[in-house]
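Written below as structure tokens is the structure these notes are about.
As a basis for the values below, the full set of heavy atoms in this structure was taken, side chains included, without hydrogen atoms, waters or symmetry mates.
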Amino acid sequence: MADRGCPLEAAPLPAEVLESLAELELELSEGDITQKGYEKKRAKLLSRYSPLIQGVDPCLQTETRLPGPLMAAATPKPQKSRATNSRDERFRSDVHTEAVQAALAKYKERKMPMPSKRRSVLVHSSVETYTPPDLHSAPPDVTTGLAEHSHYERPQVVSVRGVPRGHGRTVLETAGGVPVNSRVSSKIQQLLNTLKRPKRPPLKEFFVDDFEELLEVQQPDPNQPKPEGDQMAVLKGEPLSVGTSGPPSLLAALQLWGTTQPKAPCLTALDTAGKATYTLTYGKLWSRSLKLAYTLLNKLTSKNEALLKPGDRVALVFPNSDPVMFMVAFYGCLLAELVPVPIEVPLTRKDAGSQQVGFLLGSCGVTLALTTDACQKGLPKAPTGEVATFKGWPPLAWLVIDGKHLTKPPKDWYPLAQDTGSGTAYIEYKTSKEGSTVGVTVSHSSLLAQCQALTQACGYMEAETLTNVLDFKRDAGLWHGVLTSVMNRMHVISIPYALMKVNPLSWIQKVCSYKARAALVKSRDMHWSLLAQRGQRDVCLSSLRMLIVADGANPWSISSCDAFLNVFQSRGLRPEVICPCASSPEALTVAIRRPPDLGGPPPRKAVLSMNGLSYGVIRVDTEEKLSVLTVQDVGQVMPGASACVVKVDGAPYLCKTDEIGEICVNSVATGTAYYGLLGITKNVFETVPVTADGVPVSDRPFTRTGLLGFIGPDNLVFVVGKLDGLMVVGVRRHNADDIVATALAVEPMKFVYRGRIAVFSVTVLHDDRIVLVAEQRPDASEEDSFQWMSRVLQAIDSIHQVGVYCLALVPANTLPKAPLGGIHISETKQRFLEGMLHPCNVLMCPHTCVTNLPKPRQKQPEVGPASMIVGNLVAGKRIAQASGRELAHLEDSDQARKFLFLADVLQWRAHTTPDHPLFLLLNAKGTVTSTATCIQLHKRAERVAAALMEKGRLDAGDHVALVYPPGVDLIAAFYGCLYCGCVPVTVRPPHPQNLGTTLPTVKMIVEVSKSACVLSTQAITRLLKSKEAAAAVDVRTWPTILDTDDIPKKKLASIFRPPSPDVLAYLDFSVSTTGILAGVKMSHAATSALCRSIKLQCELYPSRQIAICLDPYCGLGFALWCLCSVYSGHQSVLVPPLELESNVSLWLSAVSQYKARVTFCSYSVMEMCTKGLGAQTGALRMKGVNLSCVRTCMVVAEERPRISLTQSFSKLFKDLGLPARAVSTTFGCRVNVAICLQPNRLGKLAEQGTTGPDPTTVYVDMRALRHDRVRLVERGSPHSLPLMESGKILPGVKVIIAHTETKGPLGDSHLGEVSAAGCGPG
């Protein structure tokens, strides 16, 4: 073997390398690897120790390295450009990098082999028989001694080539335990060790069967740190001093400076070369804003009416490179009393988060967008040349506000803008952790107070120069660079993001050239400047008195601040100039560090234990420890504000002094609400912190900031993370930013493209699991990438003591981007959950983090439902379940309690709105035959109740059969029964021409329901007692029959009120298609829940009018005909389906005549119209029938949607204006009469003609259906069956697909029985 390769001229090789070479020789001799493979691996081993080896390509020597941990003493090469040094600067920390390298070195001391992508097995530090770890034992304290072996050792994902390095000469064992010579191939030994492992038990024997006991409940560690300090007190900031000499409001300041100092510079815009393209003076800002305000108020009309009214919302769509026009647009809207809503420029029709921005615009009622000519030309265009309609966006009119498009106002014109009250000044968008976009409203008084507070805290003075690197459309960039600057007549130098990418030193150069007194940056900009500053000698920062670090709330910003100070202190930068601040969209500026000349205390930093932070406890540590987090203060709370820290979970109790919680602020200078979202507004903007005894700390509400932190010495605020980045794994909390920082400290330059890493959590087995997604550099090999991923797992395990569920690498530039270059986290998470991430390398480690696996159990005779749940989960199948919105979050609980009994609802409506119409009945000619207002229905019900009690002599709880034709009499009889405590049973009357078939059914329902009385009309009463009826049934056995046509007007002494919501309300009887009679008991609680769900799903209000063409005797048809109008207060136009036999166009004519936006029908009605009116659409159009008013036409059925019929109906009546997407279906069953309903369109969207998404249609394989499996195929495939969505699940309803025999839940690829809970019987 000596002839392979050539002798080395360097020093002798280490023993470990010699052993590896010997192992390679052994594998070659045994035939386990080829000659080519041997040479490649041998060259890789030797490349580090010899500058030139025969037979090895020189480029291979430079590109291949020994896999192993990072060397702590390695000296990085100087970087020349940001393109190769673009690691995410938010998380840059040399101290943390050293800690990660030390942790990896400890792993090396354990002699643990590095993982590989090809195998996933459990290994240990010796070659003896492996014993699985006790998953219930506590993890070791890796911060005190990583080199020591602990009783618990977290399993790792590794590759077993043989034995670990250093054990090459030990004695091995066969599967039988017989010692063998080390000449045995390592691969054969690996096979023997695999065979020696015990077999896994069958799946059905491994899991418990009871759902409640299915998962292991993680018990809290008794040794976990707990807060020990005293309860904190509310921290009050310095008083807000409002000077009498300054302008009283922001618009007053604009007018003052625009008229008295018109030539004073206000804003200087730069191009991508760093040259000043335009300087906006205060005179120009004032005149242009006036022109825009005049144009918006007087020149935009629609049908001879002003398009905009005071208080309307207007979108501002301006690029980051055009601050001048944005400023003009913003102040023009304020002068016109319009509410600006700044958003990002949509670059494509599928921008990440664009649909959510569209939802925000739609909910705000935005109909106009302001932009520039250049920006509009760059927007995506439709084939017509107009701006394309973006997905989810409402229809927008676009107004270009360049000078030539505006109208100069008359000299005596001045807007009557009110900018000092509680009205909304502007709306700032915010993207939540789940990806939804909400609008934070800021009032005029809050805006003014924010400007005054920033002026006082920062010591801003007139004519000062501010360099702004931030986005001027939102956050601190807007508050400092657009608002406060105008209040103080400052000059702002705006640095665009595109310039920073080309020249990261541009902001420093502008500070020098303009002698700027203040600068507004992020730690990212400071880090970029450090990388680009080499060779720059003519830099002087002595003019700066404040360098505001806007993302000081990020705990990892301290490293950039310290490094920036170390480099630029010799160039005039004073240490006290660096002023980190903390802010949030809800609370605006929370705290800011003041320089000593403004009365600020000396800055402080805290070195905190990450283990303590994971339990929400502050424990001071030393920087020598590996698992620590160093944070800097963000200064004191703002002037005029009070702050406190409350517990993250549960009620807002005050935290203790050594406890981490959410910072809350009470101030005039905060946001006021989430626009249009009252529920979450109350939770965030109206929080009342309480002491441990439950006593409120203040009579004024506080605003939650979303920042996690504590109050430190000198009343300084410290922030350790954000609520949006919080991941709760077990009982411990981890911050996504901390995980990113640890991952970036593991060879960040070599593998991760531009430091682009996203960390988020997904829920698996009722607990958060950490997912890490990174962009892989194009030149990184697959083997090296998996080596890096394995080291990341080890580093996170050592530093944070938590496992990673999934680590995925994707190709460069494939993760969705945020507007200013970062990663769009929520969109990335959505793609991961949908399987649309398309990673190139994946490492799944569920065994290291899913510690609440099901318990072992005694063998059960059968596979139970819970076993099927876990079996599907282990097999990677999603449980087939879904649910509608939660009722508790959608409607006030007080109203729900008030509307618990329908009889009470009718009485309340009769008292509050007696003349409000509820029902309108049409006959075959289309004329109104009967109506009922609230008071009329109430009085008719009283008369029926009095007749039942006096003539029928019935008691509460007796059953009463209601045999009425479709109409208002049926409804009055129903509520009459409720008024006297009887239980109504609606029965379809017998057909006069077919008594022999229909009358026995009536008799059977009366007998089965045990009805003590029959209520009906005079005509039907005679029919029930006629000779023809006697031939079909025994008429002598009828119970008491009461005719309600001519009952006397008599007021009821007292109306019955059920003692409990669970008391029976009515019986719902129906006959199936197979002739089986089934009755369902409906309690008052179930009836109320059903009506409430339909009301919320269809958005039924008293102002609404719907048309109903259904049989009113059972199921959803009965609920819509008799119940929903009384509950919701809308007017129902009742069209009996029987009348269509003589006038087939009755229903459609009624919909057109009453302009009903929502209508319900059955498939029989739809089929009758399709067949009977197919050739009459022209005639109907001539009669004025117009269906364009219809937003939703729902087909009520207990079957799968009839796609061909609904499509034919839509196409046929499209000529009458019926919207193509209006027809949808519902779904219900005997027990749950309403499971799915297509929701009505939102009010504003409906007025604009916007509809929701089309009902989803899928194609399934009919052959798979025969085997109770669901297999989706493409349209047109052989044996394919189209299935259309049956509407959206109602609020409060939960649906799961269950096995027809065991009733256990199935996976989403199985066919089973639909089981629903929610709006069912009581």
Side-chain angles (χ1 to χ4, degrees), residues 90-93 95-96 99 143 224-227 229 232 235 433 523 549-562 580-584 587 590-593 603-623 625-637 643-649 654-665 704-729 731-742 759 761 770 796 799-802:
R90 293 177 299 152
F91 311 98
R92 183 180 178 278
S93 172
V95 175
H96 192 62
T143 62
Q224 75 180 44
K226 295 181 175 59
M232 73 161 297
L235 175 63
K433 180 179 181 180
S523 57
V549 185
D551 64 340
N554 181 357
W556 297 98
S557 63
I558 184 173
S559 182
S560 294
C561 293
D562 291 346
C581 74
S583 63
S584 74
V590 176
I592 187 169
R593 186 190 292 174
R604 291 178 178 269
K605 70 175 182 178
V607 182
L608 307 176
S609 164
M610 279 193 179
N611 183 56
L613 290 177
S614 69
Y615 290 105
V617 177
I618 302 167
R619 291 292 180 265
V620 178
D621 218 322
T622 60
E623 290 189 351
K625 292 289 185 68
L626 299 180
S627 185
V628 295
L629 177 68
T630 303
V631 295
Q632 63 181 345
D633 71 276
V634 291
Q636 298 170 296
V637 297
C644 65
V645 182
V646 301
K647 294 183 182 295
V648 175
D649 302 320
L654 286 179
C655 289
K656 295 183 178 180
T657 53
D658 62 340
E659 189 175 3
I660 299 294
E662 184 177 6
I663 300 173
C664 295
V665 172
R704 291 181 178 267
T705 63
L707 303 177
L708 302 175
F710 60 95
I711 308 298
D714 295 331
N715 291 336
L716 294 174
V717 180
F718 289 81
V719 179
V720 299
K722 294 185 177 181
L723 206 58
D724 280 351
L726 196 63
M727 302 177 294
V728 183
V729 181
V731 296
R732 300 176 61 209
R733 303 171 185 164
H734 302 274
N735 200 285
D737 288 348
D738 300 342
I739 305 294
V740 172
T742 299
V759 171
S761 63
I770 297 176
I796 294 175
I799 301 296
H800 305 278
Q801 297 97 52
V802 67

If the condition is salt bridge (Lys or Arg N to Asp or Glu O under 4.0 Å), which residues does D562 pass it with, not counting sequence neighbours?
none

Taking V607's backbone N and O only, do any of them form a donor-acceptor pair with D621's side chain (distance below 3.5 Å, no angle check)?
no

Less than 4.5 Å apart, any side-chain heavy atom of P603 and any of Q632?
no

Please check if the side chain of K722 supplies one atom and the backbone of N735 the other of a donor-acceptor pair under 3.5 Å.
no

Where do Y615 and P225 come nearest, in terms of heavy atoms and distance?
CD1-CD, 3.6 Å

Considering non-hydrogen atoms only, spot the tightest contact between V634 and A553 and give its length.
CG1-N, 4.1 Å

Residues T742, H800; criterion side chain to side chain donor-acceptor pair (under 3.5 Å); working and verdict:
CA-CA 9 Å; T742 299; H800 305 278; 2.7 Å; yes

After noting the C-alpha distance and the side-chain angles of V631 and V719, does the key distance pass the side-chain contact (heavy atoms from CB on, under 4.5 Å) rule?
CA-CA 7 Å; V631 295; V719 179; over 6 Å; no

Tell me, with the steps shown, if I660 and V617 meet side-chain contact (heavy atoms from CB on, under 4.5 Å).
CA-CA 6 Å; I660 299 294; V617 177; over 6 Å; no

Report yes if the side chains of D737 and W556 come closer than 4.5 Å at any heavy-atom pair, otherwise no.
yes

Interatomic distance, CG@L707 vs OG@S584, rounded to 0.5 Å, equals 5.5 Å

If we only count heavy atoms from C-beta on, is the C644 to L235 side-chain gap below 4.5 Å?
no

Salt bridge (Lys or Arg N to Asp or Glu O under 4.0 Å) partners of K647, counting only residues at least two apart:
E659

A side-chain contact here means heavy atoms from C-beta on lying under 4.5 Å apart; do I796 and Q801 qualify?
no

Who are the side-chain contact (heavy atoms from CB on, under 4.5 Å) partners of K226, not counting sequence neighbours?
Q224

The side-chain hydrogen bond (donor to acceptor under 3.5 Å, both in side chains) partners of E662 (sequence neighbours excluded) come to R704

Using a 4.5 Å cut-off on heavy atoms from C-beta on, say whether the side chain of I739 contacts that of M727.
yes

Mind checking whether V637 and V717 have side chains closer than 4.5 Å, heavy atoms only?
yes

Throw together a table of side-chain donor-acceptor distances under 3.5 angstrom for residues 709-716, partners on residues two or more places apart or in other chains.
from : atom 1 : to   : atom 2 : distance (Å)
D714 : OD2    : R604 : NE     : 3.0
D714 : OD2    : R604 : NH2    : 3.2

Would you say L654 and V645 make side-chain contact, with heavy atoms under 4.5 Å?
no

Would you call D738 and R733 a salt bridge, taking side-chain N to carboxylate O under 4.0 Å as the test?
no

Backbone of D633 reached by a side-chain donor or acceptor of R593 within 3.5 Å
yes

State, yes or no, whether a side-chain contact exists between V720 and L608 at a heavy-atom distance under 4.5 Å.
yes

Between I618 and T657 the two heavy atoms that sit nearest each other are CD1-O, 3.8 Å

Please determine whether side-chain contact (heavy atoms from CB on, under 4.5 Å) holds for the pair V549 and C561, giving the CA-CA distance in whole Å, both sets of side-chain angles, and the decisive distance to 0.1 Å.
CA-CA 8 Å; V549 185; C561 293; 4.0 Å; yes

What's the shortest heavy-atom distance between A550 and S583, and which atoms?
O-OG, 4.4 Å

Using side-chain contact (heavy atoms from CB on, under 4.5 Å) as the criterion, list what pairs up with S614, not counting sequence neighbours.
N611, R732, H734

When rounded to the nearest 0.5 angstrom, what is the spacing between CG in D724 and CG in L708?
9.5 Å

Nearest heavy-atom pair of V648 and G661: which atoms, and what distance?
CG2-CA, 4.1 Å

Sub-3.5 Å donor-acceptor pair from the side chain of D551 to the main-chain atoms of S523, do we have one?
yes

Of all the heavy-atom pairs spanning G635 and A591, show the shortest one and how long it is.
O-CB, 4.2 Å

Kindly say whether I663 contributes a backbone atom to a donor-acceptor pair with the side chain of T705 at under 3.5 angstrom?
yes

